[in-house]
Q: 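This is the structure, below, for whatever I ask next.
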Amino acid sequence: MALSSRLIMIYDILLARFGPQGWWPILDFEKHKGLDPLTDCGYHPGNYDLPKKPDQMFQVIVGAILTQNTNWQNVVKALFNLSQQKLLDPEIILKTEAKVIAEAIRPSGYYNEKAKKLRIISQAYLEQDWYKKNHVLKREDLLKLWGVGEETADSILLYVFKRPFFVIDAYTRRLLMRMGIVGTPLKYREYQDLFHSNLRPNFELFNEYHALIVRLAKSNCRNKPICSTCPLKRYCPPRH
DNA sequence: CGCCAGGTGGGAT
DNA sequence: ATCCCACATGGC
């Protein structure tokens, strides 16, 4: 079976099983007041129009930094703290001592490094006018920023700027490996090329696909896989 | 208790 | 180029 057909089949199965995931979550701490802010707030299934406003865009950028090698629940706590303290804004982050930012984002882990990363990306956001409509952000310019690697860059391009860059993360690698689509480990861009060369470059498709992979990885394709209920079981080589 | 979570940069080899 | 490690919290 051709790779493109296979990738599309996997997508269709995941979408049928799990439904649209509503990424990237956009938290509204006013609206979610009274609800448990630490659970799944902010998802907007079927709406690929978000983020729309600059403050929503910036929130996704901050989330992309904070979630580096970190559980999303911890990121929500950090975003909640930033919001409560009126720090979820690039100009304010630049005017605020890194110590203060670090303390607010403590639950997300690596808080000293991430405070520095937030300062750097806030600076770029303002200087390069990312918030302006029709601003075209280059991948290479994102990668120049200390603290922005390939996955974070692609997350921002895809989920903030709605550009068709497929996000490759540890879950994606694991899935491709277990499905037998790749044998030996590849470089980031090689994984990405598998998707870019075999799917139509549609940001809504890439958005949903990556979110569905994460969804599968959380419930079934874990480090210790639970294959009995996996929707891809029939298409995945057995493991001993 | 140990392991893991929507990675990245820096230094040694 | 590739490997190894520091960075750090909270949930299970």
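First the proteins, then the strands, lettered A, B, ... as listed; each starts at 1.
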Q: Please work out if A:Val75 contacts a base, only the sugar-phosphate, or nothing of the nucleic acid, heavy-atom cut-off 4.0 Å.
A: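 No contact.
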
Q: Do A:Arg6's NZ or CZ and the ring of A:Tyr235 fall within the cation-pi criteria of under 6.0 Å and 45°?
A: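 Not flagged: A:Arg6 not positioned over aromatic ring of A:Tyr235.
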
Q: First and last nucleotide of DNA chain B in contact with chain A, 5' to 3', at under 4.0 Å to a heavy atom: what are they?
A: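 Contact span on the strand: B:dC4 to B:dG10.
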
Q: Taking the same atom, P, in B:dG6 and in C:dC4, what whole-Å distance lies between them?
A: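 B:dG6 and C:dC4 have their P atoms separated by 25 Å.
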
Q: Does a salt bridge link A:Lys162 with A:Asp49, judged by any charged N lying under 4.0 Å from a carboxylate O?
A: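 Between A:Asp49 and A:Lys162 there is no salt bridge, as every charged N stays at least 4.0 Å from the carboxylate O atoms.
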
Q: If the sugar-phosphate is the primed atoms plus P, OP1 and OP2 and the base is the rest, what is the B/S/- string for nucleotides 1-10 of chain C, using protein heavy atoms under 4.0 Å?
A: -S----BBBS

Q: Taking DNA chain B as the partner, which of residues 193-211 of chain A come within under 4.0 angstrom of it by heavy atom?
A: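 The answer is none.
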
Q: Do A:Glu151 and A:Tyr188 meet the criterion of a side-chain donor-acceptor pair at a distance under 3.5 Å?
A: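 On atom types as modelled, these side chains do not qualify, holding no pair under 3.5 Å.
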
Q: Got a second to check how far A:Gln85's CD is from A:Phe80's CZ, nearest 0.5 Å?
A: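 CZ of A:Phe80 is found 10.0 Å from CD of A:Gln85.
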
Q: Please step through side-chain hydrogen bond (donor to acceptor under 3.5 Å, both in side chains) for the pair A:Tyr48 and A:Glu208, ending with a clear verdict.
A: CA-CA 9 Å; A:Tyr48 300 100; A:Glu208 201 62 73; 2.4 Å; yes

Q: Say you pick atom C1' in C:dC7 and the same atom in B:dC1; how far apart are they, in whole Å?
A: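 Approximately 22 Å lies between the C1' atom of C:dC7 and that of B:dC1.
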
Q: Sequence neighbours excluded, which residues qualify as salt bridge (charged side-chain N to carboxylate O under 4.0 Å, His left out) partners of A:Arg106?
A: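 Partners of A:Arg106 by the salt bridge (charged side-chain N to carboxylate O under 4.0 Å, His left out) criterion, ordered by chain and then number, come out as A:Glu103.
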
Q: Hey, could you give me the NZ/OH distance between A:Lys117 and A:Tyr110, rounded to the nearest 0.5 Å?
A: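 One gets 9.0 Å once the value is rounded to the nearest 0.5 Å.
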
Q: Rounded to whole angstrom, note down the P distance from C:dA8 over to B:dG10.
A: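 Between the two P atoms, the distance is 14 Å.
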
Q: Which residues pass the ring pair (Phe, Tyr, Trp, His ring centres under 6.0 Å) test with A:Phe166, not counting sequence neighbours?
A: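 Expected list: A:Phe195, A:Phe206, A:Tyr209.
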
Q: Hey, which sits more toward the 5' end of DNA chain B by its nearest nucleotide, A:Gly147 or A:Ser155?
A: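 Its nearest nucleotide lies further toward 5', so the answer is A:Ser155.
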
Q: Suppose we screen for ring pair (Phe, Tyr, Trp, His ring centres under 6.0 Å). Which residues come up paired with A:Tyr131, at least two apart in sequence or across chains?
A: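 Ring pair (Phe, Tyr, Trp, His ring centres under 6.0 Å) check on A:Tyr131 returns A:Tyr125.
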
Q: Go through the side-chain N and O atoms of A:Asp154 and A:Gln192 and say whether any donor and acceptor fall under 3.5 Å apart.
A: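 Yes, because at least one side-chain N or O of A:Asp154 sits under 3.5 Å from a partner of the opposite role on A:Gln192.
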
Q: Looking at A:Leu137, is its backbone amide N or carbonyl O close enough to the side chain of A:Arg163 to form a donor-acceptor pair, meaning the two atoms are under 3.5 Å apart?
A: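 The answer is yes, because a donor-acceptor pair under 3.5 Å joins these two groups.
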
Q: Across the strands shown, which category fits A:Leu66 at heavy-atom distances under 4.0 angstrom: base, sugar-phosphate, nothing?
A: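 Answer is nothing: A:Leu66 stays at 4.0 Å or more from every strand.
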
Q: Just call it for A:Arg174: base, sugar-phosphate, or nothing, with non-hydrogen atoms closer than 4.0 Å on any strand.
A: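 Sugar-phosphate contact only - A:Arg174 comes under 4.0 Å of backbone atoms but never of a base.
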
